[in-house]
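Contents: one structure, followed by commentary.
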Amino acid sequence: MAGSNKLKGVSAVCINNNPVMDNPFSVEVCVAKKKQCQLALLSLTEDKLSVSKTRECSHPVLAMAMDGVYVCAALTTQYIVYNMENMTDTELFPLDPQSELLPTITKVDREEFLVLGPGNLGMFVKATGIAGRPPIQWSTNFSNIIYTHPYIIGQGSELVAVYSIRDQVLKQGLGYSGGRFVGFFDGNILLASSNNIDCVAPVPWEQQASSLLESGQVEEAVLLAKDTEEGNRVRQKAGFMYLKDGNFMKAEEMLLKGRTDVREVLSLFPGMLPVRSKFVRSIPPLHTIPDITSIKQTEISPNQFLVSYLQSVINIEGNSLDSCAEVHTAMVKVLCDVSPTEVVVFLKDENTVLDEEDLVEFFTSKSLHHFLATLLWKNNAESALKIWSQIITGELSDEYFPGVEFFSRQLSLCPEDLVYQYCDIALQKDTTMGAKLFMKPQLDFESDNQYIDNALNILSKYPEARISFLEFLVLERNSEVEKHHTQLAMAFISKVKTASESQSQCQSQNLSKLILTSKHLNAKFLLQNLKDTDLNYEKAILHGKLGEHERALDILVNKLKDYQLAENYCYDISANQAESKAKLLFLLLNIYMNPTSQLEKDKFTTLAVDLINNRAEDLNGSKVISILPETWNISIILPALRKFSRNLIHTQRMTKITKHLYKGENIQLHNKYVNTTKDPIFVMPNNYCVVCQKPFSTGGVARYPNGVMLHPDCVKDAQVCPLTGEVFRIKL
């Protein structure tokens, strides 16, 4: 071969398995020439060996290895890394002067090498000069070292040793006397002595993993496991070994990765599998744990581990699990112990599949009545309500029952017959909450009339609840049914009669507000019930509802002698209608002007003057002036007269403006009429009505603005053309 003379006088040689050259059909070889103290990069092709690059060394090279552009070399004094591209170098550390062994250099990763360091240490160094991993303490002197991921294999004179690069621990040793060389070729490890070349036959990984598990080397066994069914079985065994040692986190991880049948785990927990389950543990067995009580005790309880494990299984597999019902049922059972607050949420989850019969037995045996009722709620609401009602009445006890509010909320979702059956239990404990049972959000007064009557009959035994329901009907749902308003008013009257002095005012305000705002009260009936009370203001309002304003004002002025209340009455009853307000104030003025007792004449005169001056903007000035006595001094009502005159002038001006606006509108309409009718309409003998298709021989002619003609009797809509559909907005 051409150029082969370049291999003469070589002290070390290595192949670059990660070359940067562009030619894929060549091999890059680095050689060290002893005499010249030189490194040379050679390119080897089929027909020649050529020099690519050279560089000088300070001392002869004893051993070397290359990766990419970096050459890690052992000189006679030290280790050094050469960059063959930039021609730079990085000094590492000196050779051990006491060592009689030749230095060894092995490439283990990209730009990373394993070299023989001081004290028989295997040291990892990167091309940058830093240590990439912890060193390995060799068990003997190695003359040759090779690397095949993830193992480092060292060959000594009497021993071949295997180390893991992950944890730098000796994994296996093999006696081999007279060893001279070790190499890895096409997946086989070859050993050479002075007489023989031997191949190390690999032990199947399954056998290795099994041996490692038996010796307690669980992590090493898991590392060997492949993604096969047998590999999953190794992970399952490892998971149970971790579980036995109380290492719950690793146990969960291995059991999930090994796709363990969840029932294998559940079978360790007494009572977790349903009684009717036909599950049989794996044969041959995956573990030697009799039950969960025999594992190592830690701060984390086994049940907490089970919750975490089951939740992970559910999140990963969902409802595709073959044993879905058994898993979900076990989850409910273990949550009762670990986190009872989550049980109800899990039971209500639509994706939960449960063995209902098994859970009924479990909840009953544990006296978990609320959870039992929640389970039954989906398919048997009446049984659930019966259990909850027994808890409320004290027949059963359960610390996890939320209370009457929860019961009322659930009952409100039931059909009417169940509401009627169990409402008394809620009402007896909390009348306000019980009343909400009947407050349907979508209540319809026509279709639900009978329901409302039934509710009122039931609530007649609970006055407070009945008032709450009537307030819901009248104030929230705006009922226009007279009896609802009247019954609410009667309930308020009853409360006023029985209330203490401190509460009487509040109840009276509720009644007054209802009487003022409601338009559907039976005023005559309420007046009869107010005869024996001192609720005179309410009586006055009811008289006002009947149109008896004079009588109402007479009560307020002459009986209550509350003149401000009389004015308020005028404003409340009129509901801000100017004409009605003026009429009521004028009636009040008449009462002031005609007192029932001459002793109060001066007082009423003063009230009349104040009313005229203070309410002049709301009074009819002409009517007021017409009833004033001739003896009055005009100056006392001068402020009112100014307002009357200003209002009259304003009214006069507004009337003129309105008149002229109407006049202008009339002129515009006449102009439109003239423009529409000024052109003649020519009716030819061959013209016909667009509706009836008959000629205009008799009956006259009607014409739309777009020229369409028809008989006047055929006009259905004067604003819409029957032919084109055009809409005309002009109104004559």
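None of the values given here were measured: they were computed from a predicted structure.
- A 6.0 Å sphere centred on CE of Met249 holds no more than 12 heavy atoms belonging to other residues, nucleotides or ligands.
- With hydrogens and angles ignored, the 3.5 Å screen pairs a side-chain donor or acceptor of Thr106 with a backbone N or O of Ile145.
- A distance-only check finds no donor-acceptor pair linking the side chain of Tyr309 to the backbone of Leu256 [under 3.5 Å].
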Side-chain donor-acceptor pairs of residues 218-227 under 3.5 Å, sequence neighbours excluded:
residue	atom	partner	partner atom	Å
Glu220	OE2	Lys171	NZ	3.0
Asp227	OD1	Arg235	NH2	3.1

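- When all heavy atoms are compared, the tightest approach of Ala73 to Met64 is CA-CB, 4.0 Å.
- For residues 259-294, the ring pair (Phe, Tyr, Trp, His ring centres under 6.0 Å) pairs, not counting sequence neighbours, are Phe240-His287.
- For the pair Lys244 (side chain) and Thr288 (backbone), a donor-acceptor distance under 3.5 Å is absent.
- Heavy-atom neighbours of Arg180 CZ from other residues, nucleotides or ligands within 6.0 Å: at or below the threshold of 12.
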Audit row: Glu229, Arg259, salt bridge (Lys or Arg N to Asp or Glu O under 4.0 Å) steps and yes/no: CA-CA 9 Å; Glu229 185 176 346; Arg259 305 185 64 82; over 6 Å; no
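- With hydrogens and angles ignored, the 3.5 Å screen pairs a side-chain donor or acceptor of His328 with a backbone N or O of Val353.
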Verdict with supporting geometry, Glu230 and Arg233, salt bridge (Lys or Arg N to Asp or Glu O under 4.0 Å): CA-CA 5 Å; Glu230 189 60 35; Arg233 189 170 178 84; 5.2 Å; no
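- Atom CZ of Arg110 has 12 or fewer neighbouring heavy atoms from other residues, nucleotides or ligands inside a 6.0 Å radius.
- Listed by chain and number, the residues in a ring pair (Phe, Tyr, Trp, His ring centres under 6.0 Å) with Tyr147 amount to none (sequence neighbours excluded).
- Under 3.5 Å, the side chains of Lys237 and Ser210 contain no donor-acceptor pair of N or O atoms.
- Remark: Met272 CE to Leu266 CG distance equals 8.0 Å, nearest 0.5 Å.
- A heavy-atom distance below 4.5 Å is found between the side chains of Glu326 and Pro274.
- When Phe406, Trp377, Tyr400 are each tested for a ring-ring contact (aromatic ring centres under 6.0 Å, His included) with His370, only one passes: Phe406.
- For the atom pair CG (Asp109) and CG (Leu114), the distance works out to 12.0 Å, reported to the nearest 0.5 Å.
- The closest side-chain donor-acceptor pair between Ser301 and Asn303, if any, does not fall under 3.5 angstrom.
- Within the model, atoms CZ of Phe401 and NE2 of His369 stand 12.0 Å from one another, a figure rounded to the nearest 0.5 Å.
- In this structure, the separation between CD on Gln172 and CD on Gln208 is 6.5 Å, given to the nearest 0.5 Å.
- A donor-acceptor pair under 3.5 Å links the side-chain atoms of Gln155 to the main chain of Phe181, judged by distance alone.
- Around atom CD1 of Ile197, no more than 12 heavy atoms belonging to other residues, nucleotides or ligands sit under 6.0 Å away.
- Side-chain N or O atoms of Asn86 include none that pairs as donor or acceptor with a backbone N or O of Thr88 at under 3.5 Å.
- Of the N and O atoms on the side chains of Glu252 and Ser308, at least one donor lies less than 3.5 Å from an acceptor on the other residue.
- At a threshold of 4.5 Å between non-hydrogen side-chain atoms, the residues Pro118 and Met123 count as touching.
- In this structure, Arg281 contributes its side chain and Ser267 its backbone to a donor-acceptor pair below 3.5 Å.
- Listed for the Thr374 side chain is no donor-acceptor partner under 3.5 Å among the backbone atoms of Val344.
- Within a 6.0 Å sphere centred on CD of Gln36, heavy atoms belonging to other residues, nucleotides or ligands number more than 12.
- With values rounded to the nearest 0.5 angstrom, Arg55 atom CZ is found 12.5 Å from Cys37 atom SG.
- Across all non-hydrogen atoms, the minimal contact from Ser26 to Met21 is OG-SD, 2.8 Å.
- No side-chain donor from either of Gln236 and Asn232 sits under 3.5 Å from a side-chain acceptor of the other.
- In terms of modelled atom types and a separation under 3.5 Å, the side chain of Thr45 and the main chain of Lys48 share a donor-acceptor contact.
- Side-chain N or O atoms of Thr90 include none that pairs as donor or acceptor with a backbone N or O of Gly129 at under 3.5 Å.
- The line from OG of Ser139 to CG of Asn120 is 8.5 Å long, rounded to the nearest 0.5 Å.
- Counting heavy-atom neighbours within 6.0 Å of Leu121 CG, excluding the residue itself, gives a total above 12.
- Looking at Asn195 and Ser193, their side chains never bring a donor and an acceptor atom within 3.5 Å of each other.
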